[in-house]
A.B. asks: 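Dumping the structure here so I can ask a few things about it.
In the text below, chain A, chain B and the rest are named by the order of the sequence lines, each starting its count at 1.
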There are 2 protein chains.
Amino acid sequence: MRPSARRTTLADIAQAAGVSVATVSKVVNGRGDVAPRTRARVQELLHHHDYLAPVFRHTESVESPTIEVQFKGGLKSYVAETLEGIVDAASELGASVVISKASHAPHWARDLVSAGRRAVIAVTSVYTAAHLNELARSGLPLVVLDPLHLPDSRVNSVGATNFAGGLAATQHLLSLGHRRVAYLGGPAMAVCNQARMHGYRAAMEAGGAQVPEGYVRPGEFTHETGLLGAAALLDLQEPPTAIFAGNDEIAVGVIEAARNRGLRVPEDLSVVGFDDTSLAQMSSPPLTTVRQPLREMGGAALRTALRLANGEKVESHHIELATELVVRASTAPPPEEPPEHG
Amino acid sequence: MRPSARRTTLADIAQAAGVSVATVSKVVNGRGDVAPRTRARVQELLHHHDYLAPVFRHTESVESPTIEVQFKGGLKSYVAETLEGIVDAASELGASVVISKASHAPHWARDLVSAGRRAVIAVTSVYTAAHLNELARSGLPLVVLDPLHLPDSRVNSVGATNFAGGLAATQHLLSLGHRRVAYLGGPAMAVCNQARMHGYRAAMEAGGAQVPEGYVRPGEFTHETGLLGAAALLDLQEPPTAIFAGNDEIAVGVIEAARNRGLRVPEDLSVVGFDDTSLAQMSSPPLTTVRQPLREMGGAALRTALRLANGEKVESHHIELATELVVRASTAPPPEEPPEHG
DNA sequence: CTGAAAGCGCTTACAG
DNA sequence: CTGAAAGCGCTTACAG
């Protein structure tokens with residue numbers, strides 16, 4: 001950026017601030033012997049002029065900016081596929097990708113800047129207001145993938161059309177003739193889960209189907225939730241003939257639970273997942289699921305991060321990529337005589 | 001390293017070479033107007049004194065060396081878990097991890113050095129002699145995880161005891177009473193696959209069991225190989241009562257193939273996998289498999305890479321971490337009356 | 001081809 | 001708390 005402009009030097013700042021170069025140097029190096037007001041004025045000017053200390057100039061290398069991707073918990077399929085999209089886009093655009101587990105040690109944001117990072121992409125990480133403030137102070141742009149909280153205009157985020165996905169999954173089940181459809185989801189607090197669940201509710205309502213007490217269960221995005229949650233659902237007095245699972249892992253657990261009690265999928269119970277990770281194709285039977293374009297989402301996050309790193313404005317602080325229903329073999333019309341009284 | 005020593009400056013080199021600082025500066029910056037012999041002498045001294053241009057000094061930051069992890073193909077569970085181990089170890093030791101898809105563009109090794117990388121870890125990548133030469137010239141240390149080729153003393157590598165794992169898996173099946181045990185593996189050229197297969201052969205021989213024609217099949221490390229390979233094995237005149245699969249994905253495909261023809265696992269067919277990725281626990285039935293300590297392998301690779309980056313010697317250019325049989329629910333004694341003539 | 005000299009961006013010990 | 005001055009590491013236009 002600013003191709004022909006000379007780098008800002010300490011002398012420029014000194015002149016603008018009406019102090020000596022020495023004083024500016026002290027501010028830059030965090031020396032103690034500077035009056036607070038002088039320091040504040042100089043800092044303001046440094047920031048305004050985009051001054052960059054020599055040690056960090058490599059940070060500038062426009063050819064290969066470095067983006068840090070932070071994740072929380074394990075590198076599950078879902079995260080891994082997103083990461084692939086990030087890495088592919090970075091390679092195309094000549095950027096480098098550093099990965100780390102999210103850690104919010106003191107000065108973490110400043111440390112990232114010193115290490116030459118130009119932006120942060122967070123996958124499944126949680127940021128508090130304090131974190132966001134430290135980030136803002138450090139000037140590091142943040143892009144959140146699949147945000148856990150509702151879009152805050154201070155935060156740029158990339159997600160998928162979870163509501164539409166939940167709607168499509170449920171409509172698919174209704175159109176097969178199911179009426180007793182349950183939703184077995186992830187954490188109640190997670191926005192993506194809420195959106196999927198409300199898509200489910202919207203479809204049920206539009207289709208004139210009841211959502212009985214106990215037909216909506218939150219949990220974790222894990223196989224275990226599928227196993228346990230499905231057992232609970234199938235124990236209901238009026239058990240569902242179809243279960244829409246919050247993600248593929250839950251769906252595979254549901255299939256396992258069904259098998260454990262001698263129910264066949266899809267003849268006795270239909271199951272729909274969410275994500276379309278590699279698990280969906282390896283499931284037995286192969287899973288009908290809502291595809292999230294994880295690679296594309298990763299790519300979009302990387303491109304947004306780079307644009308922000310370049311000081312460009314972004315049209316919208318949140319974008320959602322389209323989900324798509326993928327019909328495989330885990331869904332079918334409900335049994336003639338639905339299994340009775342668990 | 002060299003804690004108290006002052007950085008080498010152009011002046012040091014100039015004095016040692018008996019030329020002016022200006023001339024040394026020209027050599028460093030690749031200017032044309034220097035006599036070849038002068039240039040050579042100065043370059044020699046620069047190298048000998050470990051001179052580092054200011055632009056690349058960030059490369060030095062001993063506190064946070066950057067290691068590049070290159071992978072080939074997708075970020076499958078297997079690679080993702082290894083990567084987790086690398087990231088955890090790096091975080092412990094204060095190193096940064098850059099990930100990228102393996103690319104061998106011209107000057108790739110030199111470019112990595114300029115970008116400040118201190119070592120390369122390759123996961124499932126293939127290196128030719130030319131690549132190794134370019135690496136050696138650039139001075140970048142390389143650690144290969146799960147090497148595809150036989151250990152070459154120029155290359156440092158980390159693997160698992162694949163032979164012992166193959167032996168343990170097969171002995172487990174033999175001890176359950178199986179005699180007709182087949183091996184459905186990955187690429188015939190991959191060393192890890194060969195080792196697993198020879199472990200299988202060794203156990204069969206020690207147990208006095210035949211390995212009939214067609215009982216050893218190579219393939220890919222994919223679900224599809226499991227599906228197709230198992231179908232072929234079960235079509236044999238004397239089909240196996242147990243299949244040892246080269247990895248968990250293949251094993252899940254085998255279970256699917258068995259189910260497709262009405263065989264129950266483990267009652268009619270026992271299946272053992274390899275890796276113990278998350279897939280193994282989510283499989284139905286949960287998979288008996290040989291655990292590779294993938295996280296630990298990643299950690300060992302990172303530590304080796306850092307030691308090499310620090311110029312330390314490493315005791316052995318190849319280390320193998322122990323595998324361990326994990327018995328779950330996909331193995332059982334063979335049926336009384338083995339399924340006849342496919 | 002070489003290097004003395006001027007100059008740049010920055011830091012720091014020290015006088016006020 | 002401030003800044004003039006000395007100094008460091010490096011680069012470059014130019015004289016030889």
Side-chain angles (χ1 to χ4, degrees), chain A residues 1-63 107 110-111 113-116 138-139, chain B residues 1-63 110 113-116:
Chain A
M1 46 231 124
R2 264 186 233 111
S4 59
R6 186 175 56 80
R7 269 234 67 75
T8 301
T9 66
L10 289 196
D12 297 332
I13 305 294
Q15 177 157 46
V19 296
S20 70
V21 173
T23 300
V24 180
S25 172
K26 285 175 197 169
V27 172
V28 167
N29 295 291
R31 289 280 132 74
D33 54 349
V34 180
R37 305 195 49 178
T38 310
R39 179 187 302 278
R41 192 163 81 259
V42 170
Q43 269 173 337
E44 161 66 27
L45 284 161
L46 286 166
H47 183 255
H48 182 248
H49 285 83
D50 272 343
Y51 177 79
L52 206 56
V55 211
F56 300 146
R57 295 231 169 118
H58 64 97
T59 278
E60 269 270 299
S61 52
V62 177
E63 316 84 41
H107 307 308
R110 198 195 303 167
D111 291 347
V113 174
S114 319
S138 77
Chain B
M1 45 230 128
R2 261 185 234 111
S4 59
R6 185 176 53 82
R7 271 233 65 75
T8 302
T9 67
L10 290 196
D12 298 333
I13 305 294
Q15 177 158 44
V19 296
S20 73
V21 173
T23 299
V24 179
S25 173
K26 286 174 196 169
V27 172
V28 167
N29 293 290
R31 289 278 133 75
D33 54 348
V34 180
R37 304 195 49 175
T38 310
R39 181 188 300 280
R41 191 163 81 259
V42 170
Q43 270 174 336
E44 159 66 27
L45 284 162
L46 286 166
H47 183 255
H48 182 246
H49 285 81
D50 270 343
Y51 177 79
L52 205 56
V55 210
F56 296 144
R57 292 223 173 127
H58 65 96
T59 277
E60 270 270 300
S61 53
V62 177
E63 315 84 40
R110 200 195 303 167
V113 174
S114 322

A.B. asks: Which one of A/Val34, A/Val27, A/Leu10 satisfies the side chain to side chain contact (heavy atoms under 4.5 Å, CB included) criterion with A/Val42?
C.D. replies: A/Val27

A.B. asks: Taking only side-chain nitrogens and oxygens of A/Thr38, does any of them come within less than 4.0 Å of OP1 or OP2 of D/dT2?
C.D. replies: yes

A.B. asks: Enter the distance from A/Glu44:CD to A/Ile13:CD1 here, rounded to the nearest 0.5 Å.
C.D. replies: 10.0 Å

A.B. asks: State the CG-CZ distance between B/Asp33 and B/Arg39, to the nearest 0.5 angstrom.
C.D. replies: 8.0 Å

A.B. asks: Please name the nucleotide paired to D/dA4 by Watson-Crick or G-U wobble geometry with both distances under 3.5 Å, or report none.
C.D. replies: none

A.B. asks: Sub-3.5 Å donor-acceptor pair from the side chain of A/His49 to the main-chain atoms of A/Leu45, do we have one?
C.D. replies: yes

A.B. asks: Taking the side chain of A/Asp33 as heavy atoms from C-beta outward, which of C/dC1, D/dT2, D/dT12 is closest to it?
C.D. replies: D/dT2

A.B. asks: Is A/Thr9 touching bases, backbone alone, or none of the nucleic acid, heavy atoms closer than 4.0 Å?
C.D. replies: sugar-phosphate

A.B. asks: What interatomic distance, in whole Å, is found between C1' of C/dG7 and the corresponding atom of C/dG3?
C.D. replies: 16 Å

A.B. asks: What is the distance from CG of B/Asp12 to C1' of D/dC8, rounded to the nearest Å?
C.D. replies: 12 Å

A.B. asks: For B/Lys26 and D/dC10, what is the distance between atoms NZ and P respectively, to the nearest whole Å?
C.D. replies: 16 Å

A.B. asks: OP1 or OP2 of D/dG3 less than 4.0 angstrom from a side-chain nitrogen or oxygen of A/Thr23, does that happen here?
C.D. replies: yes

A.B. asks: Mind listing the residues from residues 13-21 of chain B sitting with a heavy atom below 4.0 Å of DNA chain D? Number order is fine.
C.D. replies: B/Val21

A.B. asks: Just call it for B/Ala35: base, sugar-phosphate, or nothing, with non-hydrogen atoms closer than 4.0 Å on any strand.
C.D. replies: sugar-phosphate

A.B. asks: Does the side chain of B/Thr9 come within less than 4.5 Å of B/Val21's, by heavy atoms?
C.D. replies: no

A.B. asks: Kindly give the heavy-atom pair with the smallest separation between B/Val28 and B/Tyr51, and that separation in Å.
C.D. replies: CG2-CE2, 4.0 Å

A.B. asks: Does B/Tyr51 put a side-chain nitrogen or oxygen below 4.0 Å from OP1 or OP2 of D/dG9?
C.D. replies: no

A.B. asks: Can you tell me the distance, in whole Å, between the CZ atom of B/Arg31 and the P atom of C/dC1?
C.D. replies: 15 Å

A.B. asks: Write down the distance between CG (B/Leu10) and P (D/dC10), rounded to a whole number of angstrom.
C.D. replies: 4 Å

